[in-house]
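This one's a predicted model, so the numbers in the text were calculated from it and none came from an experiment. Lettering follows sequence order; numbering is per chain, from 1.
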Number of protein chains: 2
Amino acid sequence: MLTIGKLGEAAGVKVPTIRYYEQIGLLPEPERSAGNQRLYGAKALDRLAFIRHARDLGFPLEAIRDLLSLSDRPDQSCAAADIIATEQLAAVKARIARLTALKAELERMITQCAQGTIANCRVIEVLSDHALCADDHRAQTGSGAAT
Amino acid sequence: MLTIGKLGEAAGVKVPTIRYYEQIGLLPEPERSAGNQRLYGAKALDRLAFIRHARDLGFPLEAIRDLLSLSDRPDQSCAAADIIATEQLAAVKARIARLTALKAELERMITQCAQGTIANCRVIEVLSDHALCADDHRAQTGSGAAT
DNA sequence: TCTTGAAGCTATAGTTGCTAGAGACATTAG
DNA sequence: CTAATGTCTCTAGCAACTATAGCTTCAAGA
């Protein structure tokens, strides 16, 4: 049995975060010791590691909640999990594309910036010019979406 | 002169967001019409476009604030802007690596998930297994850091 | 056995970057 | 002139935590 601190250490999650996950129902309420302290088993560690990794990879908590609910009922079809994964894949691809473009811009900025003053440096210029950006944001003006 | 709505439309930013940026000091207080409505010129549009793009690219508002303060004093050395850009470049590279790993996992999940039930699907498994992940989070267990 | 310091408990409030609503005034198209 | 839209301020809410306060429990050493 692990205390909350040990669990957090093992999964790479901070203690208050674990309590937060419990509070919002992502983790079940664990056993308690005689002195009212939380005690976790191996299952809890798996579940927390799952959450941690999914978070790292950009899944919002709601998607994680869905995935966990699927894993809690493993007799169901995989289709639902597949849909979630597919949606996330699209988001991930888009993010990679964006970031790759940014990387190029930043590298260019840094190279051009190497000497001289801001007056002849393009850092700001590059970032205020619509023409130089991936500009996929033109399309999605209305929605926050993405996350 | 643009009203706040037109400005938002031109820059791809929602109206309340513009007011929020003004509130936190990223945008200067604009002129007002006789009826107290905000009126913006071309400069404001540039500045807002800059913020929008930098946000799109993952710069936190504080970094943007720094960059803007630099652009407000263009006679200075470019070194400071360079440092900010270099820091961001490192962060961007790390994110790309993470996301690329995720992409591989998701693709694998989806392929394996194509038929069958969750019982023989690895969606959950893949994400709870430490061995299969990029595991850079093992190292940074203690600190939020990383910006 | 006692004690001391770390770790745990609950509860509340703060963070970032917005977004949404209420209720009132301004502007503009017909 | 009127009606519809846009804008104004202000407050509250969202996700996903993080930090603080003030207390209790636990493990280990003297």
Side-chain angles (χ1 to χ4, degrees), chain A residues 1-27 29-40 44 48 50-66 68 88 91 137 140-147, chain B residues 1-27 29-40 44 48 50-68 91 137 140-147:
Chain A
M1 285 303 196
L2 300 165
T3 61
I4 196 169
K6 300 294 177 192
L7 178 70
E9 209 175 319
V13 173
K14 287 177 190 161
V15 167
T17 305
I18 297 173
R19 290 195 277 248
Y20 169 71
Y21 287 160
E22 180 185 326
Q23 188 190 313
I24 63 170
L26 275 190
L27 290 177
E29 293 185 17
E31 290 180 55
R32 297 287 182 132
S33 72
N36 196 37
Q37 300 194 349
R38 290 169 179 84
L39 290 179
Y40 298 92
L48 184 55
F50 172 84
I51 297 171
R52 168 71 208 253
H53 291 145
R55 285 295 300 134
D56 275 1
L57 298 177
F59 286 83
L61 288 182
E62 280 317 296
I64 295 170
R65 194 190 294 278
D66 290 348
L68 282 171
Q88 288 298 325
H137 60 88
Q140 53 171 5
T141 297
S143 77
T147 306
Chain B
M1 284 303 197
L2 300 165
T3 61
I4 196 168
K6 300 294 178 194
L7 178 69
E9 208 176 320
V13 173
K14 287 177 190 159
V15 166
T17 304
I18 297 172
R19 290 195 277 247
Y20 168 72
Y21 287 160
E22 180 185 325
Q23 188 190 316
I24 64 170
L26 275 190
L27 290 176
E29 292 185 19
E31 288 181 56
R32 298 286 182 133
S33 71
N36 198 37
Q37 301 195 346
R38 290 169 180 83
L39 290 178
Y40 298 92
L48 184 54
F50 171 84
I51 296 170
R52 168 74 208 251
H53 291 145
R55 285 294 301 137
D56 274 1
L57 298 177
F59 286 83
L61 288 182
E62 279 318 295
I64 295 171
R65 193 190 295 279
D66 290 348
L67 284 169
L68 282 171
H137 60 88
Q140 54 172 4
T141 296
S143 76
T147 310

Distance, rounded to the nearest Å, where Arg52(A) contributes CZ and dA16(D) contributes C1':
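Rounded to whole Å, this separation is 13 Å.
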For Ile18(A) and dG8(C), give me the distance from atom CD1 to atom P, rounded to whole Å.
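It works out to 9 Å between those atoms.
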Give a yes or no answer on whether the side chain of Arg55(B) reaches the backbone of Ile64(B) with a donor-acceptor pair at less than 3.5 Å.
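No.
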Base, backbone or nothing for each nucleotide of nucleotides 7-12 of chain D, written B, S, -, heavy atoms under 4.0 angstrom, 5' to 3'?
SSB---
Let me know the distance between CG of Leu2(A) and P of dG8(C), rounded to the nearest Å.
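It works out to 11 Å between those atoms.
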Glu31(A): partners by salt bridge (Lys or Arg N to Asp or Glu O under 4.0 Å), with sequence neighbours left out
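Glu31(A): no salt bridge (Lys or Arg N to Asp or Glu O under 4.0 Å) contacts found.
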Are Tyr20(B) and Leu26(B) packed together at the side-chain level, in the sense that at least one heavy-atom pair is separated by less than 4.5 angstrom?
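They are not in side-chain contact.
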Heavy-atom distance under 4.5 Å between the side chains of Ile51(B) and Leu27(B), does that happen here?
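They are in side-chain contact.
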Are Arg38(A) and Arg32(A) packed together at the side-chain level, in the sense that at least one heavy-atom pair is separated by less than 4.5 angstrom?
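Yes. Closest side-chain heavy atoms under 4.5 Å.
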Test item: Arg52(B) and Thr17(B) side chains (from C-beta on) under 4.5 Å apart, heavy atoms
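When only atoms from C-beta onward are counted, Thr17(B) and Arg52(B) do not touch, as no gap falls below 4.5 Å.
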Tell me whether the OP1 or OP2 atom of dG8(C) has a side-chain N or O from Ser33(A) closer than 4.0 Å.
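For Ser33(A), the contact criterion (side-chain N or O under 4.0 Å from OP1 or OP2 of dG8(C)) is not met.
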Just the table, please: protein N/O against nucleotides 14-18 of chain C N/O, every pair under 3.5 Å.
from: dG17(C); atom 1: OP1; to: Leu61(B); atom 2: N; distance (Å): 3.4
from: dC18(C); atom 1: OP2; to: Tyr21(B); atom 2: OH; distance (Å): 2.9
from: dC18(C); atom 1: OP2; to: Arg55(B); atom 2: NE; distance (Å): 2.6
from: dC18(C); atom 1: O5'; to: Tyr21(B); atom 2: OH; distance (Å): 3.4

For Gln23(B), all residues meeting side-chain hydrogen bond (donor to acceptor under 3.5 Å, both in side chains), sequence neighbours excluded:
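For Gln23(B), no residue satisfies side-chain hydrogen bond (donor to acceptor under 3.5 Å, both in side chains) once neighbours in sequence are set aside.
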Looking at residues at least two apart in the chain, or sitting in another chain, which of them share a salt bridge (Lys or Arg N to Asp or Glu O under 4.0 Å) with Arg19(A)?
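Arg19(A) satisfies salt bridge (Lys or Arg N to Asp or Glu O under 4.0 Å) with no residue once adjacent residues are dropped.
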